[in-house]
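Okay, so here's the structure we're looking at.
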Amino acid sequence: MHLAVFEDTPLNDLNTLRLPARAKRYAEIHSAEQLLKLVRRGDLDGHRVAVLGGGSNVVLRSGVLDAFVLHISIPGHSLMNEVEDAWIVRAGAGVNWHEFVRFTLEQGWAGLENLSLIPGTVGAAPIQNIGAYGVELADRFFALEAVDLRSGQIVSLDKKTCQFAYRDSLFKQQAAGRFIITAVSFRLPKQWHAVTEYADVANELKQLGLTNPTPMDMSDAVMSIRSRKLPDPALLPNAGSFFKNPVVSAERFAELAVTWPKLPHHPQDDGSIKLAAGWLIEQAGWRGRSIGPAGMYDKQALVLVNHGGATGEDVLNLADSVRAAVVEKFGVVLEQEPVML
Ligand code: EPU
């Protein structure tokens, strides 16, 4: 497809919080070659580069974003390789995440079912290491391809290099802004077992009377749970969980548990304890509460929603108030999850 560069382009429809903003410069990218061409002929020189996939994990301030915004729409998915114990499946960065998950399941390649219905694109998934119901991208990741803006070359990065952690990776840390992901490949194990430890999932399967769920059953169950708890961005604009679940030391947790014995928590491998931010926000009085057009969702307090007409400033203002209320009540600091562009 033709490469066209636009000036002063509205981004309102390109972010799932539907925040009003404009890009100083904008191009939609349909292939890695197109992106390389743009880089090599120096079109990006002198500009800050901002990458948009599905726009489901970003906050945009109003006004003109002083950046060259690249909207990554690279399509395609295919079986790259079959090894003894796994299928290696590759997808273009612009592929819709959920459609990719369902495609793999339809082919009989299991492993991504717990990540069903997560909004966004394949190329955005590694940046925050998307995760849900006991599985995260890192568990199934094989490698990714990206354009390195520093060298102007296409590089392949393996799992270790990507430094995946809870809702975090190299791409949010040291290498922020350096790589533009063009494709991701996954290692989907032939020896599959359902990951059902998460209470919501276990309850859903019980309700459905499924003791031996197939990968498709798991996907359907996760879709039902998500549809009940999380607002559809097409109907109520949002960016998923607005804060990370905070991780505290075992000592700090023990102190908190004296006052708050019901505080939901999950021990981590390193001995620290992950707390439920949604619960903290609810207890601090912010579930279903708004400031102007921005509010915390009434069915899941961790999700910040745009009731209509909110700006990035409204969103940040609400987030500040919620963060302050949680600090005041629990002494715990919440970290914003979506990226500021
Ligand atoms: N809770 C409340 N009140 C609320 C919300 C939650 O009391 O308003 C309690 C729940 O009862 C539960 C606990 O908090 O005991 C955890 O809630 P939930 O199972 O809904 O999950 P979460 O911790 O809020 C995380 C991820 C989600 C992911 C789900 C399922 C983060 C930041 N969020 O949410 O991911 O779908 O677990 O695995 O880790 C995202 O990152 O955008 C996202 C949606």
Side-chain angles (χ1 to χ4, degrees), residues 53-54 56-57 77 85-91 95-142 144 159 162 164-169 184-233 238-241 244-245 264-269 274 276-278 299-300 302-303 337:
S56 56
N57 201 46
H77 41 55
D85 59 345
W87 287 282
I88 312 292
V89 187
R90 175 180 182 273
V95 173
N96 173 275
W97 174 263
H98 177 66
E99 282 168 24
F100 175 64
V101 171
R102 295 295 285 198
F103 160 76
T104 58
L105 295 173
E106 279 155 18
Q107 304 304 308
W109 307 325
L112 299 177
E113 56 285 339
N114 289 32
L115 305 178
S116 295
L117 216 56
I118 295 183
T121 56
V122 166
I127 297 174
Q128 57 152 325
N129 182 21
I130 58 169
Y133 307 107
V135 177
E136 58 181 23
L137 170 121
D139 300 327
R140 306 285 183 251
F141 180 87
F142 180 65
L144 63 77
K159 186 167 157 181
C162 293
F164 293 120
Y166 168 59
R167 293 295 188 279
D168 203 13
S169 73
V184 185
S185 51
F186 298 86
R187 192 176 197 292
L188 304 178
K190 290 183 182 173
Q191 284 283 343
W192 178 81
H193 71 270
V195 179
T196 58
E197 289 74 30
Y198 217 89
D200 274 353
V201 174
N203 292 337
E204 184 75 17
L205 294 172
K206 207 169 154 192
Q207 292 266 315
L208 294 167
L210 293 167
T211 44
N212 215 347
T214 65
M216 213 44 119
D217 290 338
M218 289 297 294
S219 175
D220 292 343
V222 165
M223 286 174 70
S224 305
I225 301 166
R226 288 190 77 98
S227 308
R228 278 201 301 271
K229 277 199 168 179
L230 298 166
D232 177 351
N238 73 89
S241 298
K244 290 187 186 183
N245 282 326
H265 60 283
H266 299 279
Q268 304 297 291
D269 291 343
K274 193 188 273 182
K299 292 185 205 146
Q300 222 299 5
L302 188 50
V303 178
E337 211 275 295

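As the structure is a computational prediction, the values presented were derived from the model and not from experiment.
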If only atom types and distance count, is the side chain of [X] paired as donor or acceptor with the main-chain N or O of [Y] below 3.5 Å?
X: Asp217; Y: Thr214; answer: yes
X: Asn245; Y: Ala277; answer: yes
X: Ser169; Y: Phe164; answer: no
X: Arg167; Y: Gly131; answer: yes
X: Asn129; Y: Ala138; answer: yes
X: Glu106; Y: Thr104; answer: no
X: Asn57; Y: Gln128; answer: no
X: Gln268; Y: His266; answer: yes

Side-chain donor-acceptor pair present, Arg102, Ser219, cut-off under 3.5 Å: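 Present: a donor and an acceptor within the cut-off.
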Atom NZ of Lys190: over 12 foreign heavy atoms under 6.0 Å: yes
CA sep, side-chain torsions, deciding dist, call: Glu204, Val222, side-chain contact (heavy atoms from CB on, under 4.5 Å): CA-CA 8 Å; Glu204 184 75 17; Val222 165; over 6 Å; no
salt_bridge(Asp200, Arg226) N-O dist < 4.0 Å: no
Whether Phe103 and His77 hold their rings parallel, tilted or perpendicular, with breakpoints at 30° and 60°: parallel
Geometric class of the Phe186/Phe100 ring pair [parallel <30°, tilted 30-60°, perpendicular >60°]: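 Tilted.
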Evaluation steps, side-chain contact (heavy atoms from CB on, under 4.5 Å), between Val89 and Gln107: CA-CA 11 Å; Val89 187; Gln107 304 304 308; over 6 Å; no
Separation between CG of Leu115 and CZ of Arg140, rounded to the nearest 0.5 Å: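 Between Leu115 CG and Arg140 CZ, I get 8.0 Å after rounding to 0.5 Å.
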side-chain contact (heavy atoms from CB on, under 4.5 Å) between Gln191 and Asp85, worked out: CA-CA 7 Å; Gln191 284 283 343; Asp85 59 345; over 6 Å; no
